[in-house]
Amino acid sequence: MIPRFWRKIKFRYDLIGSYCKTCNNYFYPPRNLCPVCRRKGEIVECKLSEEGKVISYTIAHNSEGAPLVIALVELDHGARLLTQLACRPDEVKIGMRVKRVFRKYGEDGQEGIVYYGTKFIPSQNST
Amino acid sequence: MRKVAIIGVGCTKFGELWDKSFRDIFIEAGIEAIEDSGIEGREIEAIYVGNMSAGRYINQEHIAALIADYSGLAEFGIPASRVEAADASGGLALRHAFMAVASGLHDIVIAAGVEKVTDVGDPAGMLSTTIDQEWESFVGANLASLYAIIARLHMETYGGKEEDLAMVSVKNHRNAMKNPKAQLKREISVEDVLNSPYVAEPLKLLDCSPICDGAAAVVVASDEVAKKVTDSPVYISCSTQASDYLALHSRKDILKFKSIVKASREAYKLAKIDPKDVKVAEVHDSFSIAEIIAYEDLGFARKGEGYRLIREGITELSGELPVNTSGGLKACGHAPGATGVRQAVEITLQLRGEAGKRQVDAEVGLSLNLGGAGATAVVSIFRI
Amino acid sequence: MIGIISYGSYIPRYRISVDEIARVWGEDANTIKNGLGVIEKSVPDLDEDAATIAVEAAREAIKRVNIDVRDIGAIFVGSESHPYAVKPTSTIVGEALGVGNSYFTADLEFACKAGTAGIQICYAMVKADMVKYGLAIGTDTSQARPGDALEYSASAGGAAFIIGRDPIVEIEATYSFTTDTPDFWRRDLQPYPSHGGRFTGIPAYFRHVLSAARGLMENFGYKPSDFDYAVFHQPNAKFPIRVARILGFTLEKISQGLVVREIGNTYSGSSLIGLCAVLDVAKPDDKVLLVSFGSGAGSDAFALKVTDKIEEYPRNPTVWDKIRNCKIYVDYAVYLRHRGKIKR
């Protein structure tokens, strides 16, 4: 899994997505082909906004840990992504403004590599 | 394209079949289907098998060949294919069988679905291989989380309540009491569902279908063959398939499953019917919210009005449009590769008048088999 | 003029109180609070570590100033809780900030003074015109043995400094005093550090902080009265207060930077977060004395002068805002879980 994670490190750490110059749409995660224009689209890398809003969310009770807040967030650029919210479940509301933070997503066991990525917190929180 | 019929059906019990192996269950379903059909095994010209997880869970790829072999068909060397589209694999197998016969390529084929999940520890995570691994699983989501995200927004937008979702599970459990092959044979109340622990809020344990072992098979044949072996063939009017963006974050409107809308509209056109002509349906209730959304996207109710159908009892066994008379994925159990074919078995039994205590009155039936969070939908329409 | 052109800090939002820890070990909370001068400390979230804290602090520093991140030519992250024993934290930070591939870097370790060591290295590289900007970060999510005295203070946090020319705070002078003194250490593969009890006082903290401060002042011609603020490494509140008094600084001059009382000892972040708190309120021409201390042992002393440019510099949210807002208290059991001392 290491090469697969490594290839996308900068896109995960720094919210870099794709922009299609032909149809003026933003996509995250990055895409090889614009789904609107396909081969006619000119796709380039693009750093996306660091803030957005919560479209919907759930509090997932996985067997492995504390409840996770998983949310569908729409960045100000229009692209959406699925992410974790690093805040208490009762702090979340549909429509809430959120901003990005850099956190751990997990690790490959005690001996394996650590997976870092982008999560979000309520914009009004300082941390 | 010529007319296509189902002339035989077979299905194992669905559940935790500890003492039966992968090979045991597909043979059991296959033999039942062939005996039901009245044809001989050597007349089968091809096999299409739906299976989602054999490679990962029992480390076995190449299962279509294994199935043909253990079914005693290796001597005939017939073409055997495994098809996969998450838990729409069964529906896909049915559609491939339909296409093979409708096109004239074959006269008699088998569509089967099989899943053996109890050979490996805990199958709970199995359905989560169907979502985007790099961008959805990576952030800690599983399939339940995705449906929960959809459920929360759907409920908030259209005034749905957790009680509405609970009523879907209650109905399906009640129906399953009359299905000898169902995994969960106990009635539950709305209270029971609301008191069950949250899996991914707002979905609770009893909003989620159990993943289990199971196999189902149907013999699909041309009209000419059908007329020789039965007085009452059940016809597959059409079998359509559509896809959608895999990840939720790629969809503009997560409350509408475009794959269901596209596949069903095409199906109604090909079968020359309207949604209201459907009198019995098996839909993909992997999660209770999925059944509500299916009502809407299949055209049985307008967007946002799915709740009305369950609230008014319209989809009960005794209602105008009974849905999931078998108990659905929730109470019959969800063997991912087999479910799509099991649904076809149920509709066939209903249209033949062989559904025992859960019989309803219908001449036109529909099955909806979904893959994962709706990136694949297969709709089949049946009539006598 | 070379110095700090921007600074940032990060403190996790969870807290555990001294009262709560004392309750578990059957000790008297008031005695501890009076003895250490600490009432509560910061606790990292389950998904935070020294790398995530470093990135957040660095991102704040970058956001507050208008530079092209690719002009950052050196990154040094100092910590004693780097996530990997082998694989640098500095490259994780570099990637997260998008600095490109042309930068000098390595991780630093020197107990609690690894961050200030990074500042010295960046200063030297800027001075030598090897880089336009250097990024120095001190960050930690330090561990303490359950039941040990250090458990009351070992906390999590970090601060980042971009060093370059035309600064908001000039580094007028720097001086280090170093010996080989085993006052506090952790052997490889051991989960918790060990220490020499009272030996960590006079032969360690005080000897090095005083020697570095005096060395700086003697070699560069400063007197205590030249400084408007002093920030010392803060393993607790008592040590910096006492060392300040010995050197001739009043309590007023050190209280702005005395963050340990409410967030504990953030190790490599300790004196640096204190410095950020001072810079949040400092005025042009203010002089600040910064003296860190790292066990093993050594102290880095700096004479800093605030320039006019600080007036235009955005300083909100302040460190004290971050210390006091958004707090979530946890009990000892949840604390153990967050610190990985109990696992499923």
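Below, chain A is the first sequence line, B the second, and so on; all start at residue 1.
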Query raised in the report: Which bit of A:Ile59 comes within less than 4.5 Å of chain B, counting heavy atoms only: side chain, backbone, both or neither?
Result: both
Report task. Measure the spacing between CG of B:Leu146 and CG of A:Leu82 and express it to the nearest 0.5 Å. Result -> 6.0 Å
Report summary line: Rounding to 0.5 Å, atoms CZ (B:Arg251) and CG (A:Leu72) come to a distance of 10.5 Å
Query raised in the report: Checking B:Lys252 against chain A: side chain, backbone, both or neither under 4.5 Å from a heavy atom?
Result: backbone
Query raised in the report: Is atom NZ of A:Lys53 surrounded by more than 12 heavy atoms (other residues, nucleotides or ligands) closer than 6.0 Å?
Result: no
Report task. For A:Lys21, look at atom NZ and say whether over 12 heavy atoms of other residues, nucleotides or ligands are found less than 6.0 Å away. Result -> no
Requested in this report: Work out which heavy atom in B:Trp135 is nearest to a heavy atom in A:Lys8; give both atom names and the distance.
Outcome: CZ2-CD, 3.8 Å
Query - Rounded distance (nearest 0.5 Å) linking atom CG of A:Leu68 with atom CG of B:Asn142 - result: 9.5 Å
Report task. Verify side chain to side chain contact (heavy atoms under 4.5 Å, CB included) between B:Ile254 and A:Arg80, making sure each step is shown before the conclusion. Result -> CA-CA 11 Å; B:Ile254 62 171; A:Arg80 292 180 170 184; 4.2 Å; yes
Report task. Report the C-alpha separation of A:Leu81 and B:Val139 in whole Å, then their side-chain angles, then the decisive distance to 0.1 Å, and conclude whether the side chain to side chain contact (heavy atoms under 4.5 Å, CB included) test is met. Result -> CA-CA 10 Å; A:Leu81 69 155; B:Val139 303; over 6 Å; no
**Report entry** Derivation of the side chain to side chain contact (heavy atoms under 4.5 Å, CB included) call for A:Arg12 and B:Phe138
**Finding:** CA-CA 10 Å; A:Arg12 292 190 190 283; B:Phe138 180 85; 3.3 Å; yes
Report task. Pick whichever of A:Ser56, A:Pro35, A:Pro67 has the most heavy-atom pairs under 4.5 Å with chain B. Result -> A:Ser56
Query raised in the report: Using non-hydrogen atoms only, which part of A:Ile94 is less than 4.5 Å away from chain B: side chain, backbone, both, or neither?
Result: side chain
Report task. Tell me, out of A:Glu74, A:Lys119, A:Gln84, who's got the most heavy-atom pairs with chain B below 4.5 Å. Result -> A:Gln84
Query raised in the report: Can you pull the side-chain hydrogen bond (donor to acceptor under 3.5 Å, both in side chains) pairs that have at least one residue in residues 106-116 of chain A, sequence neighbours excluded?
Result: A:Tyr116-C:Asp49
Requested in this report: Check whether more than 12 heavy atoms from other residues, nucleotides or ligands sit under 6.0 Å from atom NZ of A:Lys99, and answer yes or no.
Outcome: yes
Query - Heavy-atom contact with chain A under 4.5 Å, split by part of B:Glu156 - result: side chain
Query raised in the report: chain A: which of B:His249, B:Glu134, B:Glu136 shares the most heavy-atom pairs with it under 4.5 Å?
Result: B:His249
Query - A:Arg4 versus chain B, the contacting section by heavy-atom distance below 4.5 Å - result: both
Query - Test item: A:Thr58 side-chain N/O and B:Ser145 main-chain N/O as donor-acceptor pair under 3.5 Å - result: no
Query raised in the report: Which region of B:Asp132, side chain (C-beta onward) or backbone (N, CA, C, O), has a non-hydrogen atom less than 4.5 Å from a non-hydrogen atom of chain A, or is it both or neither?
Result: neither
Query - Which atoms of A:Phe5 approach chain B - backbone, side chain, both or neither, heavy atom under 4.5 Å - result: side chain
